[in-house]
Amino acid sequence: MIIHLINCFTCNARFPSHWRTGTLCLVIESDDGLILVDTGPGLGDYTKIPPIIRTFQVATKVPLLSEETALRQVAQLGYKPEDVRHIVLTHMHFDHCGGIPDFPNATVHVHEREYHAFTGMPRRWTDLAYVRQHTAHNPHFLLHSERGDEWFDFPAIPLPLGIEMWMIPLFGHSRGHCGIAVHTNSGWLFHVADAAPLGFDEEIPPWLTRLVLGPHTPRLSQFRTNHPEIRMTTGHMLLDFFSNRTAADLFSVAGRE
Ligand SMILES: [Zn+2]
């Protein structure tokens, strides 16, 4: 059982031009079927491009390659869409959840605050990244909230899956944004998604990081320093991350204890 780290949405900055990023999604092979962490945009976004993606096409360089959809990449791994049994969302912005309609058999796990932000009235500018069409097919949602558990010193929610996974509330980038921790045979993988720009923190002024990604960067940077044994990833890794991937990046999944 392994975890594939895939890029589901290339989005390159016009300036600075070396910020060439992809949207990191995880494909986890488990006894419970496939588990996706985020989906990137879905195939429907390529045939009927939502206004928010058109805006990104103007502001950034977005090649919009349908081969990047989770649907196509899951097929390349030899699986059918119905093999995806669970989708765990960090948040519901279009570039993280647009692929939900491509996997109609999956249960969609998300923090309840994020779900209510998605379904409610827009209240802040980052809410403009929600595309209601992505849930028009009425997927089966399982909403999660804190019950007093912790992962390391973070409040955390254990997910009811066949492998050990935790949803770590890191609200700020969106109202219910969460990181996801996965227990693998070679330690923890902590996907902080859009809560921090780990790796190029110094290049972004702290006020801008806080405005766009929320307040967690200092704590997550400190956590990374304190825990070099934990592999940490973000929602928008540089393209080199995907092209330089080696077999060592294919984590094997630990069974539940
Ligand atoms: Zn986002």
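Order of listing sets the numbers, starting from 1, for every ligand and every atom in it. Nothing here was measured: the structure is a model prediction, and the numbers come from that model. We use all heavy atoms of the structure for the numbers below, so side chains are in, but hydrogens, waters and symmetry mates are not.
In this structure D32 satisfies the salt bridge (charged side-chain N to carboxylate O under 4.0 Å, His left out) test with no other residue, sequence neighbours excluded.
Under the ring pair (Phe, Tyr, Trp, His ring centres under 6.0 Å) test applied with Y130, the options Y115, F118, F94 reduce to a single match, F118.
H93 contributes ND1 as its N, O or S atom closest to the Zn ion (ligand 1).
Within the 2.8 Å limit, H173 places at least one N, O or S atom next to the Zn ion (ligand 1). Look at H96 and the Zn ion (ligand 1): no N/O/S atom of the residue is under 2.8 Å from the metal.
H86 and H109 have tilted rings, their planes meeting at an angle from 30° to 60° on a 0 to 90° scale. Under the 30°/60° scheme for interplanar angles, the aromatic rings of F223 and W151 are found to be tilted.
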